[in-house]
Participant: 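Could you have a look at this structure, given as C-alpha cells, before my questions?
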Amino acid sequence: MKTILAGFVAIVALAWGVEMLSPDHTTASSLPWTIYLESLFLTGLISIALMSLAMVLASRPAWLEQPLGGMDRIYRLHKWSGILAVVFAASHWLLEMSDDLFKALAGRGGRIKEDELSAFAEPLRDLGEALGEWAFYVLLALLALTLWKQFSYRLWRPLHRAMPVLYLLLVFHSVVLAPATYWSQPIGLLLAVLFTAGSIASVQSLTGRIGRKRRASGSVIAVRNPSPDIIEVSCRLDGKWRGHQPGQFAFVTFDAGEGAHPFTIASADRGDHTVTFAIKALGDYTCTLARKLAEASPVEVEGPYGRFELSRTNNRARQIWVAGGIGITPFIAWLESLQDEQATEVSADLHYSVRDREADPFVERLQSLCATLPKVQLHVYDKHSGPLNADTLAAELSETRRAEVWFCGPRGFADALREGLQAFAGRVRFHQEAFEMR
C-alpha cells in the first residue's frame, strides 16, 4: 500500500515538474514567491489527485481486486488516500492562509496576480475559492468522525455520503484556480483523467449505483444463535447471485436505513443461491440483529468480494491456517467446500484460538468437518490449554522450507504473529484479510 501511494504521488509530482520546466510556464520574478506559489500548487495538486483516487476506490472496482490483493486492501488504500488527501489539503490551506504574512515578509514585488494564471474570470475564481475553503472545513470534520471509531456508524454513514458532493466542489475549485498552462501539459491530461474518473465515481455514489450489478435480493430462511453473542443467518438469493468462492465476503443489507455491512460468507457454494453469515455482536448494529431478524426477513447481498480464497493456496507450501474468534468463518467455508469435493489430499494445520472451547459454538462443527479430511489437523487453544502465539507456530516452521500462513482474526493478534515470525521471512508468506472498511 505504501508503495502504491508513494508511486501515485511521485507521478503527480513528476507531471507538475514537467510543466514547471516547460517554456510556457508562468513563473514569479522573485524566488521566494516562486517557492511559495509552486508549493501552493503542488500541495493542492497532490491533494485533489489523492481525493480522486479515493473516490474511484470507493466505487468498489472489482477489476482491481486481483492486482491490489482484494477488496479489503482496496478499502485500506481508499482510507489512506483520503487521509493523505486531507493532510495535503491542510498544507495547501495553511499556505493560502499565510498569503498576507508572506506579503509582509517578502514584499509584493515579483508575485503573480491570479488573473495572469487562471483562464477563468474573477467571479468564477472567487466562487471556486470560497467553495473550496468551506468544502475543506467539512472534509476535515468528516475525517475526524471517520477516525473516531466510537462514533455511531448509523450516524456516520449519511455524513460520509456527503463526500462525493465535497469532491465535486473541490474539482470545481481546482479547475477554475489552476494555471491555464496546465491544460496544455501532461499535468492537465492527468488531472482530466483523474477528475473524470472521480466524478463518475461520485455520481455513481450519489445515485446509489455502486455495486448495483453485483447485488442480489432474497430473504432470510433461517436464524439461529449458536452462542449469546453470535447469530447465524442463512439467506436464499435470487438468480442475480453469481455464486462465491469459499473465504469471500459480501456487503449485506438487512435494514435499508442502516445500509450495507461487510460479513464473511461462512458456507460453501452449493449452487442453490444460499449463503450463510456468522455474525458476532461487536457494535451497536450487530448487537441488535438477533432480535430484529426472523425467517422471511428481506435481505440484499452485494458481492462476492475478497481474495481470501482456498483456490489461492499453494499446494507446494505447508499450509498453516490461523483463526481468532469469529475469524474462523472463512475457514468453515473452506472446510465445507472440501467436503463437497472429497478433497482428501489437502494438507493443513488449522489453529483456532478461543476464550473457552467448551462454550465455543464452532469447535464441534470444526471437529466434524476435519474428521473427514485426514490431512487437516485441528488445534484449539483457549484459556485452559494456553494461548496461541508466534512461538507455537515457529516450532512447527523450524523444519519447514516453505509455508503459507492464512490468518483471519483481530488485527492485534495478526500483528503479533507477523512480528514473531519475522525470523522466517522469505520462507513464510503471511496472508491476511484486513477487514476494516472504515
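Nothing fancy with the numbering, it's 1 onward along the sequence. Below, each value reflects all heavy atoms present in this structure, side chains not excepted, and no hydrogens, waters or symmetry copies.
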Participant: Take E336 and I332 through the test side-chain contact (heavy atoms from CB on, under 4.5 Å) and record every step on the way to the result.
Facilitator: CA-CA 6 Å; E336 284 191 2; I332 291 176; 4.0 Å; yes

Participant: Under the rule for salt bridge (charged side-chain N to carboxylate O under 4.0 Å, His left out), what residues qualify as partners of E133, not counting sequence neighbours?
Facilitator: none

Participant: Taking side chain as C-beta onward, heavy atoms only, is L142 less than 4.5 Å from V138?
Facilitator: yes

Participant: Salt bridge check: are R307 and D72 linked by an N-O gap of less than 4.0 Å?
Facilitator: no

Participant: In the structure I gave you, are the side-chain heavy atoms of D356 and H384 within less than 4.5 Å of one another anywhere?
Facilitator: yes

Participant: Taking only residues two or more places apart in sequence or in another chain, which ones pass side-chain hydrogen bond (donor to acceptor under 3.5 Å, both in side chains) with S219?
Facilitator: none

Participant: A side-chain contact here means heavy atoms from C-beta on lying under 4.5 Å apart; do F263 and I326 qualify?
Facilitator: no

Participant: How about R242 and P304: do any of their side-chain heavy atoms sit closer than 4.5 Å?
Facilitator: yes

Participant: Is there a donor-acceptor pair closer than 3.5 Å between any side-chain N or O of H273 and the backbone N or O of D238?
Facilitator: yes

Participant: Quick check: does any side chain N or O of H92 sit under 3.5 Å from a backbone N or O of I46, one acting as donor and the other as acceptor?
Facilitator: no

Participant: Does N389 use its side chain to pair, donor to acceptor, with the backbone of T392 at less than 3.5 Å?
Facilitator: yes

Participant: Grab the two heavy atoms, one from E300 and one from S217, that are nearest each other, plus how far apart they are.
Facilitator: OE2-OG, 4.2 Å

Participant: Is there a side-chain contact between K79 and I83, using heavy atoms and a 4.5 Å cut-off?
Facilitator: yes

Participant: Examine distances only and state if a side-chain atom of S297 and a backbone atom of A294 form a donor-acceptor pair shorter than 3.5 Å.
Facilitator: yes

Participant: Please report the shortest heavy-atom distance between S174 and F195, naming the atom on each side.
Facilitator: CB-CZ, 3.8 Å

Participant: Could you pull out the closest heavy-atom pair between Y75 and R60, with the gap in Å?
Facilitator: OH-NH1, 2.9 Å

Participant: Which value, rounded to the nearest 0.5 Å, describes the distance between S52 atom OG and L194 atom CG?
Facilitator: 5.0 Å

Participant: How long is the straight-line distance from CD of Q367 back to CG of L369, given to the nearest 0.5 Å?
Facilitator: 10.5 Å

Participant: Any side-chain heavy-atom pair from F136 and H173 closer than 4.5 angstrom?
Facilitator: no

Participant: Take a 6.0 Å sphere around CZ of R429 and say whether it holds more than 12 heavy atoms from other residues, nucleotides or ligands.
Facilitator: no

Participant: If you apply the rule side-chain contact (heavy atoms from CB on, under 4.5 Å), what do you find for L57 with S81, and how did you get there?
Facilitator: CA-CA 9 Å; L57 295 175; S81 297; 4.3 Å; yes

Participant: Please lay out, stage by stage, how Q339 and T372 fare under the test side chain to side chain donor-acceptor pair (under 3.5 Å).
Facilitator: CA-CA 7 Å; Q339 309 291 315; T372 62; 2.5 Å; yes

Participant: If you measure from CG on D229 to NZ on K280, what distance do you get to the nearest 0.5 Å?
Facilitator: 3.5 Å

Participant: Taking the side chain as every heavy atom from C-beta outward, state whether Q319 and L350 have any pair of such atoms under 4.5 Å apart.
Facilitator: no

Participant: Go through it in stages, so that I can follow the logic: the residues are L50 and V86, the test is side-chain contact (heavy atoms from CB on, under 4.5 Å), and I'd like the CA-CA distance, side-chain angles, deciding distance and then a yes or no.
Facilitator: CA-CA 9 Å; L50 286 167; V86 175; over 6 Å; no

Participant: Is there side-chain contact between L338 and L310, with at least one heavy-atom pair below 4.5 Å?
Facilitator: yes

Participant: Mind checking the OH-CD spacing from Y305 to Q245? Nearest 0.5 Å is all I need.
Facilitator: 15.5 Å

Participant: What closest approach, in Å, do S267 and R270 show between heavy atoms, and which atom pair accounts for it?
Facilitator: CB-NH1, 4.3 Å

Participant: Taking the inter-plane angle between the rings of H351 and H379 on a 0 to 90° scale, is it parallel (under 30°), tilted (30 to 60°) or perpendicular (over 60°)?
Facilitator: parallel

Participant: Looking at S205 and P164, what are the two nearest heavy atoms and their distance?
Facilitator: OG-CG, 3.4 Å

Participant: Quick check for you: to the nearest 0.5 Å, what is the distance between E19 atom CD and S22 atom OG?
Facilitator: 4.5 Å

Participant: With respect to W321, which candidate in W334, Y352, F407 satisfies the side chain to side chain contact (heavy atoms under 4.5 Å, CB included) definition?
Facilitator: W334

Participant: What verdict does the side-chain contact (heavy atoms from CB on, under 4.5 Å) test give for V171 and V175, after you've listed the backbone C-alpha separation in whole Å, the side-chain angles of each residue and the deciding distance to 0.1 Å?
Facilitator: CA-CA 6 Å; V171 166; V175 169; 4.2 Å; yes

Participant: Hey, what do you get for CZ (F277) to CD1 (I265), rounding to the nearest 0.5 Å?
Facilitator: 5.0 Å

Participant: Indicate the atoms forming the closest heavy-atom contact of I210 with E302, along with that distance.
Facilitator: O-OE1, 3.9 Å

Participant: Does V87 offer a backbone N or O that forms a donor-acceptor pair with the side chain of S91 under 3.5 Å?
Facilitator: yes

Participant: Assess whether side chain to side chain donor-acceptor pair (under 3.5 Å) is satisfied between R357 and Y381, documenting all intermediate values.
Facilitator: CA-CA 7 Å; R357 65 179 297 156; Y381 305 81; over 6 Å; no

Participant: Looking at T43 and S39, would you say the former's side chain and the latter's main chain have a donor-acceptor pair under 3.5 Å?
Facilitator: yes

Participant: Using a strict threshold of under 4.0 Å (side-chain N to carboxylate O), is an ion pair present between E65 and R312?
Facilitator: no

Participant: Answer yes or no: does atom CZ of R401 have more than 12 heavy-atom neighbours from other residues, nucleotides or ligands under 6.0 Å?
Facilitator: no

